[in-house]
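The shown structure was predicted, so the numbers you read here are calculated from the model rather than taken from an experiment. Chain identifiers are assigned alphabetically (A, B, ...) following the order of the sequence lines, protein sequences preceding nucleic acid strands; residue numbering begins at 1 within each chain.
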Amino acid sequence: DQQVKQNSPSLSVQEGRISILNCDYTNSMFDYFLWYKKYPAEGPTFLISISSIKDKNEDGRFTVFLNKSAKHLSLHIVPSQPGDSAVYFCAASASNAGNMLTFGGGTRLMVKP
Amino acid sequence: DTGVSQDPRHKITKRGQNVTFRCDPISEHNRLYWYRQTLGQGPEFLTYFQNEAQLEKSRLLSDRFSAERPKGSFSTLEIQRTEQGDSAMYLCASSFLTGEQYFGPGTRLTVT
């Protein structure tokens, strides 16, 4: 049973345009959500997070939106740059469960120059 | 601080051998987590420590897997009697009691 799902395995966008990556979850106990970026042969790099008490968090070109009623979050990257090309993982945790992360399967983003 | 480090970065072993991986977390972090990632999947949680106490280990994949963090600093993950299905990337992460986890570069295990 996948508690965190990223339904798009890949996404291709033009440089300068917006990239929108989506993530759905099923566990109502999740109260903290994170996005990680991963290059081949490296560990995941933390990008941005959001607590369940918020519906939006912004950091530079990256914005995460949380819709608790729909159990859906999204990552917006504006403007997209070729260096953003990587695999993006959505992750969720529950503070009453040691904050262990449950990851989605990832979305490969390709930003074309 | 240079972040989370893991050693070795790559390990090739024959089936049936034991392997041990080391993780050095960010020094101020209380919590240390181990994950496993197989090709095309997201990382999968294995176990975690708060200081030297192992607070969750039911997700370790079998009794061949064990982890320690004896002094609340570095941690080791051991796999006994390796099998080909153990081939994966083993990731370590650390964090404060709350907040984001920072990952190391991982140890890629290949069992032949």
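For Ala91(A), no part sits under 4.5 Å from any heavy atom of chain B, backbone or side chain. For Gln41(B), the part lying near chain A is the backbone, with the side chain staying farther off; criterion is any non-hydrogen pair under 4.5 Å. Looking at Gln37(B), the atoms closer than 4.5 Å to chain A (heavy atoms on both sides) all sit in the side chain, from C-beta outward. Residue Ser49(A) touches chain B through its side chain alone, counting heavy-atom pairs closer than 4.5 Å.
Using a cut-off of 4.0 Å between Lys/Arg side-chain N and Asp/Glu carboxylate O, Asp24(B) and Arg22(B) are scored as salt-bridged. Electrostatic pairing of Asp84(A) and Arg61(A) counts as a salt bridge here, judged by a charged N lying under 4.0 Å from a carboxylate O. The existence of a salt bridge linking Arg64(B) and Glu78(B) is excluded, since no basic side-chain nitrogen approaches an acidic carboxylate oxygen closer than 4.0 Å.
When each of Thr102(A), Leu34(A), Asn99(A) is checked for heavy-atom pairs under 4.5 Å with chain B, Asn99(A) comes out on top. The most heavy-atom pairs under 4.5 Å with chain A, out of Gly99(B), Ala93(B), Pro43(B), come from Pro43(B). Taking Phe103(B), Tyr102(B), Tyr48(B) one by one and counting their heavy-atom pairs under 4.5 Å with chain A, the maximum is reached by Phe103(B). Contact count versus chain B (heavy atoms, under 4.5 Å) is highest, among Gly106(A), Pro44(A), Gly105(A), for Pro44(A).
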Criterion ring pair (Phe, Tyr, Trp, His ring centres under 6.0 Å) on Tyr36(A) and Phe89(A), from CA distance to verdict:
CA-CA 5 Å; Tyr36(A) 286 85; Phe89(A) 289 98; 8.5 Å; no

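Taken to the nearest 0.5 Å, the CG atom of Leu91(B) stands 8.0 Å off from the CZ atom of Phe103(A).
Note: His29(B) and Phe96(B) have perpendicular aromatic rings, judged against thresholds of 30 and 60 degrees for the angle between ring planes.
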